[in-house]
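Structure first, then comments.
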There are 2 protein chains.
Amino acid sequence: MSTVQSVERAFSVLQCLAGGPAGVSEIAERTALPKSTVSRLLGTLVELGAVEQSEALGVYGLGELMIELSASASPGRNLVSLARPHLVELVEQIDEAAGLGVLDGHKVYYLDQVDGDHEVQVRDWTGESVDAHVVSSGLVLMAYAPNDVRADFLSGPFEAWTDNSVTDRALVAHRLDEIKRAGFAWVYEEMSEGLNSVAAPIVNPAGMVIGAVHAHGPSYRFPAPGAAASVAASVVEAAQRVSDRLAGRHRPGSSS
Amino acid sequence: MSTVQSVERAFSVLQCLAGGPAGVSEIAERTALPKSTVSRLLGTLVELGAVEQSEALGVYGLGELMIELSASASPGRNLVSLARPHLVELVEQIDEAAGLGVLDGHKVYYLDQVDGDHEVQVRDWTGESVDAHVVSSGLVLMAYAPNDVRADFLSGPFEAWTDNSVTDRALVAHRLDEIKRAGFAWVYEEMSEGLNSVAAPIVNPAGMVIGAVHAHGPSYRFPAPGAAASVAASVVEAAQRVSDRLAGRHRPGSSS
DNA sequence: CCACAGCATTCCACAATGCGGAACAGGTCC
DNA sequence: GGACCTGTTCCGCATTGTGGAATGCTGTGG
């Protein structure tokens, strides 16, 4: 069976870029290809629009074309719509609001939220960004982020949002390690007084963490006394199910 | 500037497939490449997972890898999260529920819905599918669909959901033509008694219609007497804005 | 039933194409 | 200035992909 080498290599490069923006040398190293070859491939990919060159001189990332292509392939196949049913299920289980977030620089961008039906409930953060170090989703995302972005994050300053915010570099670093070990993160009134949250990672088929599921509620009832472990387990399980669907079948938006 | 020919060609093939599944000969014709070359390229793309071969012997479509790549590239960059703010805006303008749907075979799959705050409101269809010929989104999507799927749709049987459902082949066909001319579709109590809706197309940068924005409400107040034209205009405008963002900048989920 | 069309896949001689080491061109740091 | 990063360009070589023609497959219809 004959296979086209250059195309295979081009996709190696793309998959490499899926793990975050990178420069030519870095890609060359990771893919074990000569720099000149990578440069040439990147050149064509840029021209095609499959890859974009960040103006900050030098780093490449996936481009419009990739998004466009996959949007056409299956418009319904994406994080938000995949995760929605699982968020709803989670809300039913624990009777508190649940949400979905992704990393945006050193912040978390909230993609979606499903509310329970309490009189007192958390406002909808959909479409807004919050410093990663004060929310559970942020900590989870950073804990599993590639080493370079994690390192960059850890070097940055940490603003205190409440008296409980952890702003000490070493403590934050230590916390990330623990989160990675545990598989989920708790935050108690660190972003806002009276607000607690748990979060767990969503991992894509390539093994990268690309988002987080979280649950949150007012601290006087969330988690219910003694139920922290079970709530955490529910969140982890929901995130797990989302990851599974990201990997697998069951696509709603495909043809026929 | 040197560019890698085989990679360029591979992406020609992919872009071609973005317009719907096709066989080798068809792709060869559309891309003006020799069949043998297309076959070879498809071979490698399949092996990589960028393309999948439908078991119905022979037709190819975009595969997991493409979705995976773009999901990693920008998890927040997708129809639902792009459209959400515009749906919200639309709901504020017209004070009725609005939603988002894509084609799934001969049905419409509802991806999202935003409700107004009336006592009487339409139930949330998110996650469900409805026959395309009885809802405005469905008619819009079919009106702008590629000729083959449109033809296939028009040949199929049309079930009557209410007394108002249009089930005559010729009438449906004629209706699609009018919709394409007008740029939007109205449906009056054809899916459910007492329920009206308007829809307009979302088009991707390649010019293909990949989804529809709709608004709907109980027929006793929707549209407000004499306001059908202005409601339609709002919906069209909302769909237009979503299309613009699909094409352009302003991505929330990207790094830094 | 065989001929024929339309499809996809395989073959293979040919050379165009992409390859990759080395040389080059900017930067930044010490 | 020189050492050491980047990324891009050059250019001879041969690997690699090319594409017309041949092959195999399935369904149609005379």
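Quantities reported herein were computed from a predicted structural model and do not represent experimental measurements. First the proteins, then the strands, lettered A, B, ... as listed; each starts at 1.
With rounding to whole Å, A/I27 atom CD1 is found 19 Å from D/dC5 atom P. The distance between atom CD of A/E26 and atom C1' of D/dG7, rounded to the nearest whole Å, is 14 Å. Rounded to whole Å, the distance from CD on B/E29 to P on C/dA8 is 11 Å.
Distance noted for atom P between D/dG27 and D/dT23: 22 Å (whole Å). With both ends at atom C1', the span from D/dA14 to D/dT18 equals 15 Å, rounded to whole Å. Distance noted for atom P between D/dG30 and D/dT26: 23 Å (whole Å).
Dense packing is recorded around CD of A/E178, with more than 12 heavy atoms of other residues, nucleotides or ligands lying under 6.0 Å away.
A/H214 and A/S136 share no side-chain donor-acceptor pair at under 3.5 Å.
In this structure, A/D168 contributes its side chain and A/L171 its backbone to a donor-acceptor pair below 3.5 Å. Without hydrogens or angle criteria, A/H133 side chain to A/E159 main chain gives a donor-acceptor distance under 3.5 Å.
OP1 or OP2 of C/dT9 has at least one side-chain nitrogen or oxygen of B/Y60 nearer than 4.0 Å.
A distance of 8.5 Å separates OG1 in A/T44 from CZ in B/F11, rounded to the nearest 0.5 Å.
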- Protein heavy-atom contacts under 4.0 Å, written 5' to 3' over nucleotides 16-23 of chain C as B (base), S (sugar-phosphate only) or - (none), form the string -SSBBB--

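In this structure, the side-chain hydrogen bond (donor to acceptor under 3.5 Å, both in side chains) partners of B/R175, at least two apart in sequence or on a different chain, are B/E190.
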